[in-house]
Amino acid sequence: MDIAIIVEGKNDKARLKRVLDEHVPIYCTFGTPGSEQLDKLRKQVGHHQAYIFTDNDSSGKRIRFLLRDVFPDAEHIYTRKGYSGVEHTPLEYLIEQLEKAGLDAHIRYPAQSPASGWSKDEF
């Protein structure tokens with residue numbers, strides 16, 4: 001399955017890259033997207049199955065709402081309210097959420113990536 005993940009910013013993207021296969025495209029909205037950015041995202045995602053993973057705050061919810069119109073068939077991935085955004089979500093919890101979304105085949109687990117630089121504290 002060809003997938004693409006949409007996040008808010010480059011720090012969210014960097015965080016997800018730590019647990020996802022390098023071939024999974026991750027696109028950023030760079031804040032609340034306007035019509036030009038939404039069109040660009042639509043073209044970038046193309047035929048891929050879209051997954052939307054935005055922060056669980058008012059801005060993230062607003063972005064998710066806008067993306068829902070552009071990608072009505074997108075799957076939605078959520079982080080906890082207690083975490084200050086995707087970029088600060090513990091890697092273990094990110095993995096759990098990706099597994100719940102059925103993306104197991106695209107996850108890089110710690111045992112698969114010993115040189116990844118993950119610290120024990122992140123799990």
J.: For the CG atom of Asp2 and the NE2 atom of His23, what is their distance to the nearest 0.5 Å?
T.: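 Nearest 0.5 Å value for the CG-NE2 distance: 12.0 Å.
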J.: Drop me the distance from Leu98's CG to Lys100's NZ, to the nearest 0.5 angstrom.
T.: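 The NZ atom of Lys100 is 11.0 Å from CG of Leu98, to the nearest 0.5 Å.
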J.: Would you indicate whether the side-chain heavy atoms of Arg15 and Thr89 approach each other to under 4.5 Å?
T.: no
J.: Heavy-atom distance under 4.5 Å between the side chains of Glu36 and Lys40, does that happen here?
T.: no
J.: Can you tell me how far the OG1 atom of Thr54 sits from the CD1 atom of Ile77, to the nearest 0.5 Å?
T.: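 Answer for the OG1-CD1 pair, Thr54 versus Ile77, is 10.0 Å.
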J.: Of the options Ile26, Leu103, Asp21, which is the one that meets Ile3 in a side-chain contact (heavy atoms from CB on, under 4.5 Å)?
T.: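 Looking at Ile26, Leu103, Asp21, the match for Ile3 under the side-chain contact (heavy atoms from CB on, under 4.5 Å) is Leu103.
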J.: To check you understand the geometry: which heavy-atom pair defines the closest contact between Tyr78 and Tyr93, and what is its length?
T.: O-CE2, 4.1 Å
J.: Quick check for you: to the nearest 0.5 Å, what is the distance between Ile5 atom CD1 and His48 atom NE2?
T.: 11.5 Å
J.: Do you know the tightest heavy-atom contact between Gln37 and Pro33?
T.: CG-CB, 3.7 Å
J.: Looking at every heavy atom in both Asn56 and Arg80, which two are closest together, and how far apart are they?
T.: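 Asn56 and Arg80 have their closest heavy atoms at ND2-C, 3.9 Å.
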J.: Are Val45 and Tyr51 linked, directly or through other ILVMFWY residues, by side chains that come within less than 4.5 angstrom of each other?
T.: no
J.: I'd like to know if Arg42 and Asp39 make a salt bridge, using a cut-off of under 4.0 Å between side-chain N and carboxylate O.
T.: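 A salt bridge is present here (some side-chain N lies under 4.0 Å from a carboxylate O).
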J.: Closest heavy-atom contact between Gln49 and Asp73?
T.: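 Nearest pair, atom of Gln49 first, then Asp73: NE2-O, 3.1 Å.
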J.: If Ile, Leu, Val, Met, Phe, Trp and Tyr residues are connected whenever their side-chain heavy atoms lie under 4.5 Å apart, and connections chain through other members, are Ile52 and Val86 in the same group?
T.: no
J.: Given Arg108 and Glu22, is the side chain to side chain contact (heavy atoms under 4.5 Å, CB included) satisfied, shown in steps?
T.: CA-CA 9 Å; Arg108 288 190 310 151; Glu22 62 188 24; over 6 Å; no
J.: With Arg62, which residues qualify under salt bridge (charged side-chain N to carboxylate O under 4.0 Å, His left out), at least two apart?
T.: none
J.: Is Ile63 reachable from Phe71 through a run of I, L, V, M, F, W or Y residues, each pair having side-chain heavy atoms under 4.5 Å apart?
T.: yes
J.: To the closest 0.5 Å, what do you measure between CG (Leu91) and CZ (Arg18)?
T.: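 Spacing of CG (Leu91) from CZ (Arg18) equals 5.0 Å.
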J.: Measuring from Tyr109:OH to Ile95:CD1, what's the distance to the nearest 0.5 Å?
T.: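 So the OH of Tyr109 and the CD1 of Ile95 are separated by 6.5 Å.
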J.: If you count every heavy atom of other residues, nucleotides or ligands that lies below 6.0 Å from Lys17 atom NZ, does the total exceed 12?
T.: no
J.: By the definition side-chain contact (heavy atoms from CB on, under 4.5 Å), identify the one residue from Asp12, Leu66, Leu67 that meets it with Thr29.
T.: Leu67
J.: Please check: side-chain N/O of Gln44 versus main-chain N/O of Cys28, any donor-acceptor pairing under 3.5 Å?
T.: no
J.: Could you report the tightest heavy-atom contact between Tyr27 and Ala4, atom names first, then the distance?
T.: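 Nearest heavy atoms, Tyr27 then Ala4: CE1-CB, 3.8 Å.
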